[in-house]
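See below for the structure under consideration.
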Amino acid sequence: MDDSLLRRLPSVQRVLDHGDALELEASFGRRPLTEAVRLTIDRLRNGVRDGSLSALPSVEALLAEAASVLRMQRRPYLRRVLNATGIMLHTNLGRAPLAAEAIAAMADVGAHYTNLEYDLPAGSRGSRTAGVEGLLRALTGAEAALAVNNGAAAILLALAALGGGGEVIVSRGELVEIGGGFRIPDVIRQGGATLVEVGATNKTRPSDYAAALCPRTRVLLKVHQSNFRIAGFTAEATIAELSAVARSQGALVVADVGSGLLQPTVGVAEPTLREALETGADLVTCSGDKLLGGPQAGLILGSAAAVEPLRRHPLLRAVRLDKLSLAALEATLRLHRDAPELIPIRRMLFQQPDELRARAERLQAIIGVGEIVQTEAYVGGGALPDQQRMSWAVALSPAAGANMAAHALRSGDPAVVGRIADDRLLLDVVAISNDEIDVLAEAIGRVAI
Ligand SMILES: *Cc1c(COP(=O)(O)O)cnc(C)c1O
């Protein structure tokens with residue numbers, strides 16, 4: 001440690017007396033500036049003490065550092081990210097971007113009073129979800145529908161309302177963790193039901209469910225394997241087979257299909273909600289922000305007899321949707337009915353490799369560095385893990401290394417998140433819209449690559 005360096009560290013007052021401090025004080029205020037200068041000097045002191053700093057910056061440089069601290073503090077924690085990861089539905093990046101119509105609906109409802117729980121023609125208390133329920137019924141053919149806070153809440157509510165006090169049968173191949181520690185066995189217990197595991201990890205047959213069926217059985221649960229795959233020597237019972245087994249004992253089939261596909265889609269091997277219902281599920285649950293392309297939400301569809309107990313369950317209030325999400329969900333469902341091509345995630349799914357290549361080339365032409373490479377993009381991190389798409393990226397080989405450049409891009413505004421492969425930083429364009437290319441190029445331009 002260099003004691004003379006420590007002695008030469010300027011005092012907070014000396015830095016504040018510098019001419020450059022005046023302008024910063026005017027835009028950020030005296031007290032925040034003082035705090036930022038103190039923090040910057042503390043960092044320098046720590047750097048000298050741990051040996052990582054061998055020379056002191058000028059007071060001007062110190063003030064510039066304090067200014068960048070102040071700018072960072074001023075920007076919101078939750079902010080825009082350019083998703084160059086090559087994963088369209090990235091759970092950590094907030095899944096589906098919303099359609100313009102959904103954003104407009106949220107802005108309108110958020111800025112004003114609404115008929116959230118008010119029946120305007122009757123002038124009395126109304127239902128929060130009546131609007132989305134009608135759309136969901138029309139889009140899926142379900143007899144009844146309900147919407148809650150997210151997919152996990154939909155399963156929790158369904159199992160508590162339909163399985164509580166009885167037994168829920170699940171295949172050992174479907175006792176999954178969905179993410180963030182949310183595990184199906186725990187959810188079943190939380191709902192007050194007894195878990196009955198049947199079959200083996202790789203194979204479960206309809207007869208396994210039939211053998212476990214008893215008068216206490218309330219639900220046969222089918223969980224779609226959305227974030228992993230069991231390949232090879234495998235077997236699972238279909239919803240139709242479960243339905244046949246359940247009927248003999250008056251039990252219900254609940255199917256958690258995860259990603260919420262409404263229309264059959266070329267190249268997306270996921271069950272649609274309508275299919276799950278038509279093949280015999282009494283209740284189907286899914287997320288609103290995966291393939292449906294809406295806000296965070298949990299959708300519940302099924303027969304009136306299966307949905308009604310959920311409406312009356314006390315948990316419903318704890319997992320209800322707020323007005324902003326409800327507005328975005330209703331607008332997204334209207335688009336599914338009237339103009340599905342306006343839903344960003346659906347547009348993304350239909351992009352052709354040529355179009356993606358041209359977009360990557362446009363990016364490269366603007367930034368003037370990097371190589372065009374073909375990549376494997378994915379539909380979703382938490383949904384459809386193995387459904388790859390051909391895509392294109394600009395591969396950067398930064399002098400300072402891919403990790404340093406990736407960090408600098410993540411710290412920018414807007415932040416850019418790419419992916420590192422073979423010590424190159426790949427910027428995949430599958431989840432970057434045409435309109436975002438210029439913004440992305442500017443963000444890259446602000447960082448020394
Ligand atoms: C994503 C998913 C969930 C959880 O939904 P959230 O909306 O994230 O709570 C549950 N089950 C399956 C099969 C999923 O894919």
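Counting starts at 1 for both ligands and their atoms, following the listed order.
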Would you call [X] and [Y] a salt bridge, using N to O less than 4.0 angstrom?
{"X": "Glu117", "Y": "Arg125", "value": "yes"}
{"X": "Arg31", "Y": "Glu35", "value": "no"}
{"X": "Asp354", "Y": "Arg357", "value": "no"}

Heavy-atom contacts with [X] under 4.0 Å: which atoms of ligand 1 show up? List them by number with element.
{"X": "Asp256", "answer": "10 (C), 11 (N), 12 (C), 13 (C)"}
{"X": "Ala152", "answer": "4 (C), 5 (O), 6 (P), 9 (O)"}
{"X": "His224", "answer": "13 (C)"}
{"X": "Gly151", "answer": "5 (O), 6 (P), 7 (O), 9 (O)"}

Under 4.0 Å, heavy-atom basis, I'd like to know which part of Lys222 is in contact with ligand 1: side chain, backbone, both or neither.
neither

Checking salt bridge (Lys or Arg N to Asp or Glu O under 4.0 Å) for the pair Glu436/Arg80: CA distance, chi angles, key distance, verdict?
CA-CA 12 Å; Glu436 284 180 322; Arg80 178 181 181 181; 3.1 Å; yes

Close N or O approach ([X], ligand 1; < 3.5 Å):
{"X": "Arg95", "value": "yes"}
{"X": "Lys290", "value": "yes"}
{"X": "Asp289", "value": "no"}
{"X": "Val257", "value": "no"}
{"X": "Ala153", "value": "no"}

Ligand 1 contact by [X], heavy-atom criterion under 4.0 angstrom:
{"X": "Ile155", "result": "yes"}
{"X": "Gln296", "result": "no"}
{"X": "Glu270", "result": "no"}

Please enumerate all residues that pass salt bridge (charged side-chain N to carboxylate O under 4.0 Å, His left out) together with Arg183, with sequence neighbours excluded.
Glu177

Looking at residues at least two apart in the chain, or sitting in another chain, which of them share a salt bridge (charged side-chain N to carboxylate O under 4.0 Å, His left out) with Arg317?
none

Of the non-hydrogen atoms in Ala36 and Ala66, which two are nearest, and what is the gap between them?
CB-O, 3.8 Å

Check: Asp282 and Val254 side chains under 4.5 Å, non-hydrogen atoms
no

From Arg389, Arg359, Arg419, residue fulfilling salt bridge (charged side-chain N to carboxylate O under 4.0 Å, His left out) relative to Asp428:
Arg419

